[in-house]
Amino acid sequence: MRTLSHLRLRWCVAIMLVGLGVFSSLARAQAAANEYFDLIEDGLAVSRQQLPMMTAAAEQSGERFIAGGQVFVFSNEPEFISEATGRAGGLMCIKRLNNLEAGKNDVILFGLRDGLTATDRSLIKKWRQAGAYVVTFGAGLDKNADPAAQADFTSVKEPGLKITQDNKPAICPVDTVMNAVNLWAFTGELVAACTRRGKMPVLYQSYGMPGGRERGKKYQGKKFHDDMTIESVKPGLFGKAYLDAIGEYVGKIRANETKKIARSADEMKTSRKTQLPLILAMGHMFPATFLDPRSPQGIDAHATTDQAEPNLTGQPGRYVLFVGYQKAPEKLVESAGLKKFPLTYISVEKAKSPDIPGQLLYINPYWPIADSCVSVPGYDVPILPASGVIDAIIYWAIRAEECR
């Protein structure tokens with residue numbers, strides 16, 4: 001009996017060790033994605049701390065905007081400019097500052113990838129002397145240490161998650177993603193500041209929604225609505241609502257999609273042995289954000305539509321990642337089933353085909369079908385888009401896993 005008890009004990013210990021080993025393996029397999037999510041959540045915490053300053057800067061900007069100023073966007077990161085302009089839930093009147101000239105009462109939203117350079121400071125000085133109000137977004141900005149602009153919003157202390165690719169250091173960027181998050185939180189506060197002065201700026205409805213394009217034509221060229229009145233919105237409400245929504249979506253992805261992210265990364269890594277991964281993307285930030293020179297490269301990235309059906313003849317087993325928008329890429333999903341290549345796709349709607357491990361994976365981004373995620377009482381559409389930042393977060397989590 002003593003021998004039998006010892007055998008049972010040894011078997012129990014062995015089973016526990018195997019279980020712990022499997023758990024440890026799974027934890028290691030998803031560690032990089034979770035580290036990246038940690039940095040995003042740290043960034044959101046920083047944004048929440050800055051919300052009172054953001055509200056104060058929005059007050060100054062709203063006053064100038066209503067007094068006849070224009071809102072411009074400028075950046076050394078192309079994805080910041082493309083995300084800010086022509087965007088669902090964003091200001092219809094915002095423009096890219098092409099000629100570097102700005103005048104009295106103009107507001108300039110300046111996105112920074114690697115901090116302020118001497119050239120940047122010179123530009124800001126010139127704009128301020130012309131009477132413009134400059135708001136900067138970037139990593140590690142410190143108003144006290146570097147008071148170049150009237151308002152500075154730091155995205156994160158560190159620019160991104162440190163990884164290696166082919167034994168070379170790189171990062172999966174967090175700063176550029178959080179710059180976009182802060183851009184939209186600030187936009188919400190700017191809108192609210194305008195309502196407190198009796199004005200409602202015109203904002204886009206997603207062109208993917210019924211009537212979106214027609215609405216865009218109706219309000220083209222208008223800064224403010226003359227056909228509706230929105231009640232005054234208290235400071236901090238819209239910025240907080242946006243940050244809360246992004247935090248909610250990240251939490252759901254972390255809880256429900258991390259295993260798929262790790263699996264997709266493994267498929268990307270396996271495919272890379274013979275051919276470059278193919279990245280097909282929809283959205284204003286893409287594919288520019290994928291080509292950040294600080295980030296892991298070795299990809300073949302292209303802008304696309306939800307009707308994508310790439311010709312993969314002669315490329316069996318090539319990994320494809322579709323970073324989409326509202327509709328599922330049904331043709332691409334069907335093609336993956338017929339030609340047997342691994343496909344991961346991100347879109348609000350899920351395709352009719354079920355997930356097939358090793359071939360077809362659907363990652364739910366959890367942002368709403370309208371894209372914009374903040375409701376304005378009395379306004380006809382929601383404002384402030386989530387798709388760009390959330391889809392970028394998923395992409396960098398996959399790349400972090402691939403390079404773990």
Side-chain angles (χ1 to χ4, degrees), residues 54-55 58 61-62 65-66 70-71 73 81-96 107 109 180-249 282-286 305-306 324-327 347-349 365-392:
M54 202 172 281
T55 297
S61 301
F65 187 31
I66 290 173
Q70 179 59 266
V71 180
V73 61
I81 294 174
S82 58
E83 175 70 358
T85 53
R87 191 70 173 85
L91 296 171
M92 284 191 67
C93 69
I94 194 169
K95 297 177 182 178
R96 178 174 181 164
V107 177
L109 309 182
V181 170
N182 288 333
L183 163 71
W184 294 124
F186 176 83
T187 300
E189 288 306 297
L190 175 58
V191 169
C194 290
T195 67
R196 293 192 291 275
R197 290 167 171 80
K199 295 285 189 178
M200 180 63 192
V202 178
L203 295 103
Y204 281 103
Q205 180 183 27
S206 169
Y207 281 4
M209 298 298 290
R213 291 184 182 275
E214 292 76 13
R215 185 181 181 279
K217 291 179 181 178
K218 175 182 177 181
Y219 291 121
Q220 189 171 9
K222 291 189 176 184
K223 288 173 59 175
F224 300 101
H225 282 278
D226 56 11
D227 58 346
M228 64 179 75
T229 302
I230 303 300
E231 291 185 10
S232 174
V233 177
K234 292 181 180 179
L237 289 182
F238 287 167
K240 180 180 184 300
Y242 183 74
L243 296 174
D244 288 349
I246 297 300
E248 177 187 342
Y249 307 146
M282 296 177 63
H284 291 236
M285 292 178 69
F286 316 123
T305 71
D306 52 30
Y325 194 46
Q326 293 154 328
K327 296 180 180 179
S347 57
V348 175
E349 294 181 353
Y366 291 97
W367 47 267
I369 193 73
D371 190 356
S372 301
C373 57
V374 174
S375 296
V376 179
Y379 199 48
D380 61 328
V381 297
I383 67 171
L384 311 181
S387 64
V389 294
I390 292 298
D391 288 359

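In this text the structure is predicted, and so the values were computed from the model without any measurement.
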Open item on the list: Given R87, which partner from the list S82, S387, S372, S206 fulfils the side chain to side chain donor-acceptor pair (under 3.5 Å) test?
Closed with: S387
Quick one: closest heavy-atom pair of [X] and [Y], and the distance?
{"X": "L183", "Y": "A84", "result": "CD2-CB, 3.7 Å"}
{"X": "Y204", "Y": "G86", "result": "CE1-CA, 3.6 Å"}
{"X": "Y379", "Y": "P201", "result": "OH-O, 3.7 Å"}
{"X": "A386", "Y": "Y249", "result": "CB-CE1, 3.7 Å"}
{"X": "G324", "Y": "D391", "result": "O-OD2, 3.0 Å"}
{"X": "C373", "Y": "A245", "result": "SG-CB, 3.8 Å"}

Taking C-beta and beyond as the side chain, do [X] and [Y] meet within less than 4.5 Å on heavy atoms?
{"X": "L203", "Y": "L91", "value": "yes"}
{"X": "E349", "Y": "I369", "value": "yes"}
{"X": "Y242", "Y": "V389", "value": "yes"}
{"X": "K95", "Y": "T85", "value": "no"}
{"X": "Y219", "Y": "C93", "value": "no"}
{"X": "M209", "Y": "V381", "value": "no"}
{"X": "H225", "Y": "I230", "value": "no"}
{"X": "W184", "Y": "E83", "value": "yes"}

Task: Over 12 foreign heavy atoms within 6.0 Å of CZ, R96 - done: no
- [ ] Test L109 against every option in V71, N182, I81, L190 by the side chain to side chain contact (heavy atoms under 4.5 Å, CB included) rule and name the one that passes.
- [x] V71
Nearest 0.5 Å please: distance from the [atom1] atom of [X] over to the [atom2] atom of [Y].
{"X": "K199", "Y": "D226", "atom1": "NZ", "atom2": "CG", "value": "8.5 Å"}
{"X": "R196", "Y": "I66", "atom1": "CZ", "atom2": "CD1", "value": "10.0 Å"}
{"X": "M282", "Y": "T305", "atom1": "CE", "atom2": "OG1", "value": "6.0 Å"}
{"X": "T195", "Y": "L237", "atom1": "OG1", "atom2": "CG", "value": "9.5 Å"}
{"X": "T55", "Y": "F186", "atom1": "OG1", "atom2": "CZ", "value": "9.5 Å"}
{"X": "M92", "Y": "Q205", "atom1": "CE", "atom2": "CD", "value": "11.0 Å"}

Task: Ring centres under 6.0 angstrom apart (Y325, W367) - done: yes
